[in-house]
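Please read the structure below before turning to the comments.
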Amino acid sequence: MDDLESNFNLKIVLVSFKQCLNEKQEVLLDHYLAGWRGLVRFLNSLGAIFSFISKDVTTKLQIMERLRGGPQREHYSSLQSMVAYEVSHKLVDLERRSRHPDSGCRTVLRLHRALRWLQLFLEGLRTSPEDARTAVLCTESYNASLAAYHPWIIRRAVTVAFCTLPTRKVFLEAMNVGSTEQAVEMLGEALPFIEHVYNISQKLYAEHSLLDLP
């Protein structure tokens, strides 16, 4: 483990999602993307098993970073301003992925769905007994979130791969916050921040009928 990974602390990443929200409860995209970069580091620290998630997330982060640095960057400061801008300027493909395959709305929706999976999985780790099978926890979280958006062959490959996941203890130790008990306590304190950001994003997308973008 190099110095970069040894200095990694999942609590810092999860709590950073608290910074995503301003006083108006808007989701600030810079903090949202920074939080996801930290989550990718966590996933990568666990080996290649989560590469199907982390590689796709990394691609999505690059798209959003280009938009944040592009000529229309002021419209991409928050999730709310991005949705308002892209919807009003017809920059979102509502029926098929064609003219705007890399719209901000579509890209963040994919991150949003992955965030739900990770939230559910970490919550499962927090509340499960010591001898819980992480393969079962991860499969249940996947089936309740991302599975609905993946073709059968991907779902099958992913659930088979989950069978090689490390133990619950290994996951908790990889968070670098101390003992397994301390990791469980940290998750209880920090996961509500992710859930709050997720719920605000979910409501915004639902209000604009964007939850099923192709």
Side-chain angles (χ1 to χ4, degrees), residues 13-14 16-22 24-44 50-122 141-142 144-151 153-155 157-158 193-214:
V13 173
L14 296 183
S16 72
F17 277 89
K18 183 179 182 180
Q19 299 175 302
C20 286
L21 301 175
N22 63 16
K24 298 179 181 179
Q25 296 293 283
E26 294 172 324
V27 179
L28 303 177
L29 287 176
D30 283 345
H31 289 295
Y32 186 83
L33 300 178
W36 254 119
R37 285 193 289 271
L39 291 176
V40 167
R41 283 183 62 193
F42 172 63
L43 294 177
N44 287 341
F50 289 122
S51 61
F52 81 101
I53 293 284
S54 62
K55 288 181 179 178
D56 185 56
V57 166
T58 298
T59 299
K60 300 297 186 289
L61 293 177
Q62 291 169 346
I63 293 171
M64 292 308 302
E65 286 160 0
R66 286 198 295 271
L67 291 174
R68 277 295 292 133
Q72 302 299 327
R73 65 178 67 90
E74 72 272 13
H75 298 296
Y76 292 89
S77 60
S78 73
L79 188 60
Q80 285 76 5
S81 63
M82 178 191 77
V83 169
Y85 170 69
E86 291 196 342
V87 170
S88 65
H89 286 75
K90 299 185 180 349
L91 298 175
V92 185
D93 293 320
L94 298 176
E95 296 180 359
R96 63 182 182 278
R97 185 183 177 191
S98 55
R99 291 188 304 133
H100 306 290
D102 293 335
S103 67
C105 287
R106 181 185 186 277
T107 302
V108 172
L109 178 61
R110 271 57 185 176
L111 295 174
H112 176 70
R113 292 169 177 172
L115 190 65
R116 179 61 170 169
W117 161 72
L118 195 51
Q119 176 208 337
L120 292 174
F121 179 48
L122 292 176
S141 302
Y142 175 74
S145 54
L146 287 174
Y149 308 103
H150 290 164
I153 192 169
I154 297 296
R155 295 198 304 269
V158 166
F193 300 137
I194 281 187
E195 183 176 14
H196 193 35
V197 170
Y198 175 86
N199 288 339
I200 289 175
S201 304
Q202 181 79 0
K203 181 180 179 183
L204 177 67
Y205 269 73
E207 288 173 347
H208 291 274
S209 302
L210 299 175
L211 286 173
D212 296 311
L213 289 180

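Side chains of S78 and Y32 form no contact here, defined as non-hydrogen atoms less than 4.5 Å apart. Looking at heavy atoms from C-beta onward, R116 lies in side-chain contact with Q119 at the 4.5 angstrom threshold. In this structure the side chain of L122 reaches within 4.5 angstrom of the side chain of L118, judged on heavy atoms. The side-chain heavy atoms of S145 and R113, taken from C-beta on, include no pair separated by under 4.5 Å. In this structure, L211 and Q202 have side chains that are in contact, with non-hydrogen atoms separated by less than 4.5 Å. In this structure the side chain of H89 never reaches within 4.5 angstrom of the side chain of Q72, judged on heavy atoms. Residues H208 and E86 form no side-chain contact, since every pair of their non-hydrogen atoms from C-beta on lies 4.5 Å or further apart. The shortest side-chain heavy-atom distance between V57 and W36 falls under the 4.5 Å cut-off.
S103 OG to L213 CG: the interatomic distance, rounded to the nearest 0.5 Å, is 6.5 Å. Considering CG of N199 and CD1 of I194, their distance stands at 11.5 Å, rounded to 0.5 Å. Between the CE atom of M82 and the CG atom of L29 there is a distance of 6.0 Å, given to the nearest 0.5 Å. Taking CG of L43 as the start and OG of S51 as the end, the distance is 10.0 Å to the nearest 0.5 Å. Atom-to-atom distance recorded for E195:CD and L120:CG is 9.0 Å, nearest 0.5 angstrom. Here L111 contributes atom CG and L79 contributes atom CG; the two are 10.5 Å apart, rounded to the nearest 0.5 Å.
Taking the six-membered ring for Trp and the full ring otherwise, the centers of F50 and W117 sit less than 6.0 Å from each other.
Summarising the geometry of L115 relative to F17, their closest heavy-atom pair is CD1-CZ, 4.1 Å, with the distance given to 0.1 Å. The two residues R37 and E65 come nearest to each other via the heavy atoms NH1-OE2, 2.6 Å. What you find for S16 and G35 is that their closest heavy atoms are OG-CA, 3.7 Å. Minimum heavy-atom separation, H196 to Q25: NE2-OE1, 2.8 Å.
Taking the six-membered ring where the residue is Trp, Y76 and Y85 present perpendicular rings, their angle passing 60° and hence far from 30°. Aromatic ring pairs are classed by plane angle as parallel below 30°, tilted from 30° to 60° and perpendicular above 60°; the pair H112 and Y205 is parallel.
The pair D93-R106 does not meet the salt-bridge criterion, since no charged nitrogen lies less than 4.0 angstrom from a carboxylate oxygen. Under a 4.0 Å N-O distance rule, the pair K60/D56 qualifies as a salt bridge.
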query = Run the side chain to side chain contact (heavy atoms under 4.5 Å, CB included) check on V40 and I53 step by step: do they pass?
reply = CA-CA 9 Å; V40 167; I53 293 284; over 6 Å; no
task = Decide yes or no on side chain to side chain contact (heavy atoms under 4.5 Å, CB included) for F193 and Q19, but give the supporting numbers first.
result = CA-CA 9 Å; F193 300 137; Q19 299 175 302; over 6 Å; no
request  = Might you work through the side chain to side chain contact (heavy atoms under 4.5 Å, CB included) test for V27 and L21, ending with a clear yes or no?
outcome  = CA-CA 5 Å; V27 179; L21 301 175; 3.8 Å; yes
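S77 places no side-chain N or O within 3.5 Å of a backbone atom of R73 that could act as its donor or acceptor partner.
Of the candidates L109, V83, L210, V92 forms a side chain to side chain contact (heavy atoms under 4.5 Å, CB included) with just one, namely L210.
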